[in-house]
Number of protein chains: 2
Amino acid sequence: MSLLSGKRSPLLRKLSNFSTFDADETAAIEALASEPVPYRPREIIIEEGERPQGVNLVLSGFACRYKALPDGRRQILGYFVPGDICDLRVFVLEEMDHSIAAVTAAEVAVLPAEEIRQVTARFPRITTALWWATLVEEAISREWILNMGRRSAGERTAHLFCEIYHRLKAVELADGGRFTFPVTQQELADALGLSVVHVNRTLQLLRRRGLVDMENGTVILPNLEALEDYAMFNPRHLHLRERARPDASAPLETT
Amino acid sequence: MSLLSGKRSPLLRKLSNFSTFDADETAAIEALASEPVPYRPREIIIEEGERPQGVNLVLSGFACRYKALPDGRRQILGYFVPGDICDLRVFVLEEMDHSIAAVTAAEVAVLPAEEIRQVTARFPRITTALWWATLVEEAISREWILNMGRRSAGERTAHLFCEIYHRLKAVELADGGRFTFPVTQQELADALGLSVVHVNRTLQLLRRRGLVDMENGTVILPNLEALEDYAMFNPRHLHLRERARPDASAPLETT
DNA sequence: CGCCCACTTGATTAATATCAAATACTGTGG
DNA sequence: CCACAGTATTTGATATTAATCAAGTGGGCG
């Protein structure tokens, strides 16, 4: 992708929020995303129970993890935005305990385990950056638990928009309080643990308060500060401070 | 600890659910837990914003992760049982985005990063097992999101008891449908995202249905199968199948 | 045009929170 | 052993939040 446009790939843009890379490292990161596989909206990428084939890297569009209860209730567990890697070390486990699907039209690259192994063996700084990405994803999961458990419908919805906004901004896909996020209210409901009807009313509330507007798949946050305040959003959990850091602190870099 | 009693440490018991270890590996795992630090109930182990000192390994008792909102609402994000390691790669991040505290009286060992690095450098099978443990914890987090989002108060409570039971069983601290779990209803409320009063009523409901009994800090599950059914509990997400496996599949084992 | 799908609205019900008070239980000092 | 304080549990009444049911509306598109 970077070859075509001269622009940095979303993965590189994302990892640059944690570390800076020299030319070799940059080339190695850019080389990871081999051939993009296109998915249509809602198309399943991997399903619960399957054995994972490779490590998926989202290049464009949105995807999500989700889980369903035997009686049909469905819960989205998290979103993937461009630059996100789904389960770096998924091969340790025998089978998926949840599913991953495209939310919108999306392009996903499948990285062979061996390729990741080689890159991480050669570039410790990339290894650390990949761990950082994994740890941030875990932190987001924890925030979701707090979200579902202790935030009201309005706060929870607002919080989700703050999260997506900051994540998209980190890969240069959002700015000025607006971003493309074409999801139905049903999908929001599944992500927020609410009913569709209630999502609809909650969005109206946020709109009335001038916190969130949605038109045509674009989310507009006219007053980000007020929104973050209302949602009690603390960007700390995204660990996005831009800076170079030494990579000596990483344990677990083994032979 | 294993020196005192001749019994296997909880960490070894836990990892044995994933892999079998030879004498050297066993010794290395047993040597990890140096000196236990005692904590009193509710004592904070690490607080949000702090820089982590080392990797914590729970030897006895229960601990939890939690997060609080600025207005005081509190949410427990997960429990630690003996054998659990809190954040293997925590050093990658600069500061904690949540807190960890003892729930009951507990003993915790602090593992220096360097020690972990050495053990994992020498024993790839241990490395893989530690990853497995980390991945299981992530899977549990995801299940909690489903729990909070889509399960009713009763189902959610039941599900938590199923989870703790299976986890304790994996370290030989539960059997025959009973285990020690001395938590207050307020703490359950913070874990389940409910009010105390509602937890109380939910427990009464479960008791009336013969699914859960609690007396004196001991939880009794008189009919585990019915409970799991009611909670729609699927043990798959704990990835606890007992078996030896090759460790060749692990990516990211780098220099 | 007409259909499908998403969105919206209103009315009602169910789940859960909040408030307030009463009852048990635990440990402590006398 | 008792009295007491403090905490945890239980109960009842009421309010709030969110789900459900049912019926529109509206836009894109074959």
Side-chain angles (χ1 to χ4, degrees), chain A residues 40-42 69 71-76 103-105 146-160 180-209 212-220 230-231, chain B residues 40-43 62 69 71-76 103-105 146-160 180-209 212-220 230-231:
Chain A
R40 271 158 313 158
R42 280 152 221 226
L69 253 19
D71 63 4
R73 281 176 278 178
R74 191 178 101 113
Q75 177 67 44
I76 289 178
V103 172
T104 64
L146 172 60
N147 233 4
M148 312 289 278
R150 291 303 187 203
R151 269 187 259 250
S152 70
E155 294 162 347
R156 202 185 304 173
T157 308
H159 193 279
L160 177 64
T180 302
F181 189 52
V183 292
T184 66
Q185 295 184 354
Q186 178 60 65
E187 279 161 335
L188 277 182
D190 284 344
L192 296 166
L194 300 170
S195 68
V196 209
V197 174
H198 201 59
V199 165
N200 183 285
R201 292 183 168 129
T202 302
L203 288 174
Q204 291 181 44
L205 169 82
L206 294 176
R207 195 170 310 131
R208 266 197 314 266
R209 295 204 184 186
V212 175
D213 223 327
M214 289 184 85
E215 51 185 43
N216 243 358
T218 295
V219 175
I220 304 166
Y230 171 72
Chain B
R40 271 160 312 157
R42 279 152 222 227
E43 198 174 341
F62 293 90
L69 254 19
D71 64 4
R73 282 175 278 178
R74 190 178 102 111
Q75 176 67 44
I76 290 177
V103 173
T104 65
L146 173 60
N147 232 5
M148 312 287 280
R150 290 303 187 202
R151 269 186 261 250
S152 71
E155 293 162 348
R156 203 185 304 174
T157 309
H159 194 277
L160 176 64
T180 301
F181 190 53
V183 292
T184 66
Q185 295 183 356
Q186 178 60 66
E187 281 162 334
L188 277 182
D190 284 344
L192 296 166
L194 300 170
S195 69
V196 209
V197 173
H198 201 60
V199 164
N200 183 285
R201 293 186 167 127
T202 302
L203 288 174
Q204 292 182 43
L205 168 81
L206 294 176
R207 195 171 309 131
R208 265 197 314 266
R209 295 205 187 187
V212 175
D213 224 326
M214 289 185 85
E215 53 185 42
N216 244 356
T218 295
V219 175
I220 304 166
Y230 171 71

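All chains are named by letter (A, B, ...) in the order of the sequence lines, taking the proteins before the strands, and each is independently numbered beginning at 1.
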For atom [atom1] of [X] and atom [atom2] of [N], their distance in whole Å:
X        : N      : atom1 : atom2 : answer
B:Leu205 : C:dT16 : CG    : C1'   : 14 Å
B:Met148 : C:dA15 : CE    : C1'   : 15 Å
B:Leu192 : C:dA17 : CG    : P     : 10 Å
A:His198 : C:dG10 : NE2   : C1'   : 15 Å
A:Arg208 : C:dT9  : CZ    : C1'   : 13 Å
B:Arg201 : C:dA14 : CZ    : C1'   : 15 Å

Outermost DNA chain D nucleotides near chain A [under 4.0 Å, heavy atoms]: D:dA18 to D:dC21

Could you report the tightest heavy-atom contact between [X] and [Y], atom names first, then the distance?
X        : Y        : answer
A:Tyr230 : A:Ala158 : CD2-CB, 3.7 Å
A:Thr157 : A:Ala153 : OG1-O, 2.7 Å
B:His159 : B:Ala231 : N-CB, 3.5 Å

Side-chain (B:Asp71) to main-chain (B:Arg73) donor-acceptor, under 3.5 angstrom: yes

Candidate pair B:Leu203 and B:Leu188, rule side chain to side chain contact (heavy atoms under 4.5 Å, CB included), full reasoning: CA-CA 10 Å; B:Leu203 288 174; B:Leu188 277 182; 4.1 Å; yes

Anything under 3.5 Å between a donor and an acceptor, one on a side chain of residues 194-201 of chain A, the other on a protein residue two or more places apart or in another chain? List them.
{"from": "A:Ser195", "atom 1": "OG", "to": "A:His198", "atom 2": "N", "distance (Å)": "3.2"}
{"from": "A:Asn200", "atom 1": "OD1", "to": "A:Gln204", "atom 2": "NE2", "distance (Å)": "2.4"}
{"from": "A:Asn200", "atom 1": "ND2", "to": "A:Gln185", "atom 2": "OE1", "distance (Å)": "3.0"}

Salt bridge (Lys or Arg N to Asp or Glu O under 4.0 Å): pairs with one or both residues in residues 180-200 of chain B, sequence neighbours excluded: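 Listed once each, the pairs are A:Arg150-B:Asp190, B:Arg42-B:Glu187, B:Arg74-B:Asp190.
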
Sugar-phosphate, base or nothing in reach of A:Gly154, heavy atoms under 4.0 Å: nothing

Net bend of the helix from C:dC1-D:dG30 to C:dG30-D:dC1, end axes of five pairs each, nearest 10 degrees: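 Here the helix ends are tilted 30° relative to one another.
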
With sequence neighbours excluded, residues passing side-chain hydrogen bond (donor to acceptor under 3.5 Å, both in side chains) with B:Thr104: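 Listed in chain order: nothing, the list is empty.
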
Would you tabulate the nitrogen or oxygen pairs shorter than 3.5 Å linking the protein to nucleotides 5-7 of chain C?
{"from": "C:dC7", "atom 1": "OP2", "to": "A:Gln185", "atom 2": "N", "distance (Å)": "2.8"}

A:Arg209 and A:Leu205: CA distance, side-chain angles, deciding distance, side chain to side chain contact (heavy atoms under 4.5 Å, CB included) verdict: CA-CA 6 Å; A:Arg209 295 204 184 186; A:Leu205 169 82; 3.8 Å; yes

Rounded distance (nearest 0.5 Å) linking atom CG of B:Leu192 with atom CD of B:Glu155: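 These two atoms lie 12.5 Å from each other.
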
